[in-house]
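Here the structure comes first, spelled out in structure tokens, and everything after it is commentary.
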Amino acid sequence: MYETRYLEKNPKYFHIPRTQIVKLNKMIDEPDFIHPREDEITPLIGRPVLIENPSDEIIKKVDLQCLLDLEEFLPTLSMSMIDRTGLDLWTMVRRMNWRISPAPIRLLNQSHDKPLDLWELNRTKITKELEKQEFYLIAESYKDYYYEGWITFMEDFTNSQSLRRLISSGFEVMKLCLEEARKLV
């Protein structure tokens with residue numbers, strides 16, 4: 001259904017963005033789960049349970065904790081990739097991506113009046129917001145990460161050197177966001 005809808009709206013597509021399908025049943029009871037807003041949900045089965053999100057302050061606290069949790073994750077990367085080559089490196093990218101993409105948003109949320117609004121921004125707008133907040137190194141690393149990702153995609157994920165550059169630039173995004181998060185506690 002996602003592919004069909006995407007192709008109808010984007011007939012000249014070059015690549016279909018990865019979908020995010022979430023089964024909310026169990027997540028609803030998680031204390032730190034921030035629920036999507038109604039207009040952000042496209043139900044495939046059933047009707048969404050709409051629950052009010054916690055206050056902006058609690059959302060900021062959850063986002064800050066997610067950034068601080070990178071402290072445990074980052075040291076595991078070097079030993080996890082030291083003996084990997086080729087497509088084995090892709091597993092590293094998949095392991096990192098869901099932490100890299102939201103890290104700048106989580107950081108920006110710390111000084112934003114409406115933290116949920118930032119989650120709607122595309123990468124270009126996130127980069128501009130990072131620059132506006134004077135997080136220039138993070139903005140550059142974030143751009144580098146997606147640039148390297150595009151190169152890796154164009155090479156069909158077959159070039160180990162490109163995959164290593166992608167992993168390195170992603171590591172840099174997370175490291176820089178963690179450094180800024182530490183300043184807030």
Side-chain angles (χ1 to χ4, degrees), residues 1-2 5-6 9-10 15-71 73-74 93-147 149-150 166 169-185:
M1 184 184 338
Y2 167 76
R5 285 184 185 175
Y6 187 85
K9 291 182 180 184
N10 304 281
H15 128 296
I16 298 176
R18 187 170 168 264
T19 60
Q20 182 177 14
I21 297 175
V22 179
K23 184 177 179 184
L24 292 174
N25 300 33
K26 290 183 181 179
M27 297 179 88
I28 287 172
D29 297 328
E30 293 290 322
D32 292 338
F33 179 66
I34 307 300
H35 304 274
R37 296 182 276 195
E38 185 174 9
D39 62 337
E40 298 169 334
I41 301 170
T42 304
L44 298 178
I45 299 169
R47 295 170 52 132
V49 175
L50 301 175
I51 298 173
E52 188 173 325
N53 272 314
S55 69
D56 290 342
E57 290 310 310
I58 292 187
I59 292 170
K60 290 178 183 189
K61 182 179 175 186
V62 168
D63 282 343
L64 181 59
Q65 187 56 55
C66 287
L67 287 174
L68 295 172
D69 289 346
L70 292 173
E71 186 113 46
F73 174 71
L74 289 176
V93 173
R94 297 288 295 140
R95 189 173 152 217
M96 294 171 55
N97 188 51
W98 66 272
R99 290 177 173 96
I100 297 164
S101 295
I105 298 168
R106 294 183 192 287
L107 178 62
L108 291 169
N109 274 349
Q110 301 309 304
S111 61
H112 199 271
D113 292 339
K114 302 220 179 268
L116 286 179
D117 289 352
L118 288 173
W119 288 99
E120 296 178 4
L121 299 181
N122 64 30
R123 291 179 189 114
T124 301
K125 291 178 182 174
I126 292 167
T127 301
K128 287 180 181 176
E129 190 65 29
L130 286 165
E131 291 167 347
K132 183 177 161 186
Q133 298 293 325
E134 299 183 4
F135 294 124
Y136 300 113
L137 284 176
I138 297 172
E140 284 305 308
S141 295
Y142 196 61
K143 287 189 274 188
D144 288 347
Y145 174 72
Y146 284 102
Y147 175 75
W150 190 253
L166 177 61
S169 57
F171 180 90
E172 190 68 13
V173 171
M174 292 184 291
K175 181 184 79 125
L176 292 169
C177 287
L178 173 60
E179 288 170 2
E180 291 299 327
R182 285 181 188 139
K183 294 176 186 177
L184 300 172
V185 288

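Just so it is clear, the values below take in all heavy atoms, side chains as well, and ignore hydrogens, waters and symmetry mates.
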Legend entry - Minimum heavy-atom distance Ile59-Pro54, with the two atoms named: CD1-O, 3.7 Å
Legend entry - With Asp69 via side chain to side chain donor-acceptor pair (under 3.5 Å) - residues at least two apart: Gln65
Inset, instruction - Apply side chain to side chain donor-acceptor pair (under 3.5 Å) to Glu131 and list each qualifying residue two or more places apart in sequence or on a separate chain. - result: Lys143
Inset, instruction - Identify, with sequence neighbours excluded, every residue that meets salt bridge (Lys or Arg N to Asp or Glu O under 4.0 Å) alongside Glu180. - result: Lys183
Inset, instruction - Output the distance between atom CG (Leu116) and atom CG (Asn53), rounded to the nearest 0.5 Å. - result: 5.5 Å
Inset, instruction - Write down the atom of Ile100, the atom of Gly170, and the distance for their closest heavy-atom approach. - result: CD1-CA, 3.4 Å
Inset, instruction - Measure the CD-CD1 distance between Glu140 and Ile138 for me, rounded to the nearest 0.5 Å. - result: 11.5 Å
Legend entry - Pairwise distance CG(Asn109) to CD(Glu129) - rounded to 0.5 angstrom: 10.0 Å
Inset, instruction - Apply side chain to side chain donor-acceptor pair (under 3.5 Å) to Arg182 and list each qualifying residue two or more places apart in sequence or on a separate chain. - result: Glu71
Inset, instruction - Work out which heavy atom in Tyr145 is nearest to a heavy atom in Leu166; give both atom names and the distance. - result: O-CD1, 3.2 Å
Legend entry - Atom pair CZ/CE of Phe73 and Met96 - distance to nearest 0.5 Å: 6.0 Å
Inset, instruction - Not counting sequence neighbours, which residues clear side chain to side chain contact (heavy atoms under 4.5 Å, CB included) with Gln110? List them please. - result: Lys60, Asp63, Leu64, Leu184
Inset, instruction - Not counting sequence neighbours, which residues clear side chain to side chain contact (heavy atoms under 4.5 Å, CB included) with Ser111? List them please. - result: Gln133
Legend entry - Spatial distance of atom CD1 (Ile126) from atom CH2 (Trp119) [nearest 0.5 Å]: 8.5 Å
Inset, instruction - Not counting sequence neighbours, which residues clear salt bridge (Lys or Arg N to Asp or Glu O under 4.0 Å) with Lys125? List them please. - result: none
Inset, instruction - List the steps and the verdict of side chain to side chain contact (heavy atoms under 4.5 Å, CB included) for Glu172 and Leu176. - result: CA-CA 6 Å; Glu172 190 68 13; Leu176 292 169; 3.8 Å; yes
Inset, instruction - Please report the closest heavy-atom contact between Ala103 and Leu67, naming both atoms and the distance. - result: O-CD2, 3.5 Å
Legend entry - Residues that Tyr146 engages under ring-ring contact (aromatic ring centres under 6.0 Å, His included), provided they are two or more places apart: Tyr142
Inset, instruction - Please identify each residue that fulfils side chain to side chain contact (heavy atoms under 4.5 Å, CB included) with Arg47, with sequence neighbours left out. - result: none
Legend entry - Nearest-0.5 Å distance that lies between atom NZ in Lys61 and atom OG in Ser55: 9.5 Å
Legend entry - Summary of salt bridge (Lys or Arg N to Asp or Glu O under 4.0 Å) pairs that have at least one residue in residues 108-120, sequence neighbours excluded: Arg37-Asp117, Arg37-Glu120
Legend entry - side chain to side chain contact (heavy atoms under 4.5 Å, CB included) involving Glu52 - partner list, sequence neighbours excluded: none
